[in-house]
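One structure below.
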Amino acid sequence: MRPRASSIAIPVAAWAVFILAIAWPTLSLIVRCLTQATSPFEGFTFTDRQIALLWRTFRLSAAATLLCLVLSLPAAYVLGRSRDPAKRPLLVALMMILLLAPPMVCVFGWQRILPAKFNPYAQCIGVLAMWAWPIPAMFLAAGWSRGLYCPG
């Protein structure tokens with residue numbers, strides 16, 4: 001049986017985008033840092049401030065990920081029960097349109113709506129979660145539609 005061209009082309013294109021967008025810049029940055037005189041002779045040292053910032057970043061991203069998963073559950077439930085996302089084209093289109101808008105657009109919108117003294121950490125968590133929820137919704141819906149687990 002001969003595979004369709006799309007079953008080969010889509011994974012190849014996805015790997016090409018990954019290599020060009022993520023792997024190559026990361027590798028070139030690491031090589032540049034190691035080969036050029038950009039690192040101190042004593043080695044890299046981490047101060048208390050840097051560790052605190054790293055811990056705060058971890059907490060913010062963990063909270064945003066958890067909220068993102070919670071926000072994605074209703075859409076994942078609807079898509080997962082339909083067995084075919086093509087049967088819900090409006091929902092899928094709205095989810096994709098949301099991902100096409102950069103998160104900064106959401107930030108500017110929320111800054112207009114929320115009071116000026118609103119907690120900036122909560123704003124960061126909320127914006128990241130409300131922008132990215134379609135991603136886990138699609139993965140959860142794909143699993144549920146294949147019968148791995150479909151609530152209800």
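What you see below is based on every heavy atom in this structure, not just the backbone, and it leaves out hydrogens, waters and symmetry mates. Quick note: residue numbers are just sequence positions, from 1.
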Pairwise distance CE(Met130) to CD1(Ile125) - rounded to 0.5 angstrom: 10.5 Å
Quick one: side chains of residues 57-68, donor-acceptor pairs under 3.5 Å with protein atoms, not counting sequence neighbours, listed by atom name and distance.
{"unit_1": "Thr57", "atom_1": "OG1", "unit_2": "Leu53", "atom_2": "O", "d": "2.8"}
{"unit_1": "Ser61", "atom_1": "OG", "unit_2": "Thr57", "atom_2": "O", "d": "3.1"}
{"unit_1": "Ser61", "atom_1": "OG", "unit_2": "Phe58", "atom_2": "O", "d": "3.0"}
{"unit_1": "Thr65", "atom_1": "OG1", "unit_2": "Ser61", "atom_2": "O", "d": "2.7"}

Positive for side-chain contact (heavy atoms from CB on, under 4.5 Å) with Pro136, one of Leu73, Leu69, Leu71: Leu69
Trp133 with Ile135, same ILVMFWY side-chain cluster at under 4.5 Å: yes
Acceptor/donor pairs from residues 18-28 side chains to any protein atom, 3.5 angstrom cut, sequence neighbours excluded:
{"unit_1": "Thr26", "atom_1": "OG1", "unit_2": "Ile22", "atom_2": "O", "d": "2.7"}
{"unit_1": "Ser28", "atom_1": "OG", "unit_2": "Trp24", "atom_2": "O", "d": "3.1"}
{"unit_1": "Ser28", "atom_1": "OG", "unit_2": "Pro25", "atom_2": "O", "d": "3.0"}

Validation: residues 94-109 side-chain donor-acceptor distances under 3.5 Å, sequence neighbours left out:
none

Heavy atoms from other residues, nucleotides or ligands near OH of Tyr121 exceed 12 (cutoff 6.0 Å): no
